[in-house]
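Each residue takes its place number in the sequence, starting with 1. For clarity, every value in this text was computed on a predicted model and none was experimentally measured. Each ligand, and each atom within it, is numbered from 1 in the order the structure gives.
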Amino acid sequence: MAEVTKLIHRYLRHSKKFPHVYCPGCGHGIVLGSLIRSIHALNLKKDDVVLVAGIGCSGRMAVYVDFNTVHTTHGRALSFATGIKLANPRLKVIAVMGDGDAMSIGGNHLIHAARRNIGVTALILNNGIYGMTGGQSSCTTPQDSFSSTAPFGHMEHDFDLVKLTEACKANFVARTTVMHAKQMDKMLTTAIDQRGFNLVEVMTPCHTQYGRKNGFKTIVDMYKWYQKSAVQYEKYLNLPEEKRQGCFPIGVFSDNDQPGLEERYEELRRSLAGGDDK
Ligand code: SF4
Ligand code: MG
């Protein structure tokens, strides 16, 4: 245990930035642990990693980790990440965002970063609500559920991030939950290691802003719900329609090896320079 703590602390600004702000039982710490384990497994130097974050509870990760970090404005993490990757393609660039940050406010940046297949890992923590900013509905808040901006029930359809990024032809598209930490480690290791735009969506509970308004007595009930409702993709495909109700698929949905935008850009630059420019 002491060894694990020592390992985790090596990647954190532990003595400067803690204690953290997360509510007891929040899933964000599980995701942060998985991110650190994945970077450690890939044997990356801390200086070769850039963590870009937007605003919200997930955005705090950029404060806590000891990589190159940029804590940007709400919804803009991917535009900063795109610029960093194009300026220095050698870096491993990871954009950490919440659902409100990545898909509501930053939805257009997400669509175009995925479409360009820029070499960035997008780690999206989807808790179906704006957590830190007041519990407002986001574009992943389930229809008919309650939030601070939907006291009579949320009237809109929610968004499927996996289908959206698949349609944009991102290289890697995967989803898991905080109850599937080993799967999350594997997905993040793959996503960070390979080229192109790589998306990992993690379903994670926010009892403070969502659960307690929607019939979950405790945070433990939320974790149990994720465990019960998440079905591995291959199994999900074989379920009859009526058994899919209330469930959602997890797993790897796309895994391609197309060059990232920065690689195509470099190729063009070299060909315009006559092919002998280093
Ligand atoms: Fe986690 Fe929600 Fe608390 Fe934010 S508000 S730290 S997402 S439980
Ligand atoms: Mg959120």
Applied to residues 236-249, the side chain to side chain donor-acceptor pair (under 3.5 Å) test, sequence neighbours excluded, yields none
Looking at side-chain heavy atoms only, is the closest gap between R175 and P249 below 4.5 Å? yes
Under 4.0 Å between a Lys/Arg side-chain N and an Asp/Glu carboxylate O for E166 and K163?
no
So if you build clusters from Ile, Leu, Val, Met, Phe, Trp, Tyr with side-chain heavy-atom gaps below 4.5 Å, do L237 and V252 land together? no
The side-chain contact (heavy atoms from CB on, under 4.5 Å) partners of E267 (sequence neighbours excluded) come to none
Taking 2.8 Å as the strict upper bound, atom 4 (Fe) of ligand 1 has protein N, O or S neighbours numbering 1
Answer yes or no: is there an ion pair linking R37 with D185, defined by an N-O contact shorter than 4.0 Å? yes
The protein N, O or S atoms lying under 2.8 Å from the Mg ion (ligand 2) are D99 OD1, N127 OD1, I129 O
Modelled atom types, side-chain donor and acceptor of N126 and E201, under 3.5 Å: yes
Interatomic distance, CG@D160 vs CZ@F253, rounded to 0.5 Å, equals 8.0 Å
Nearest heavy-atom approach of Q143 to D158 is N-OD1, 4.4 Å
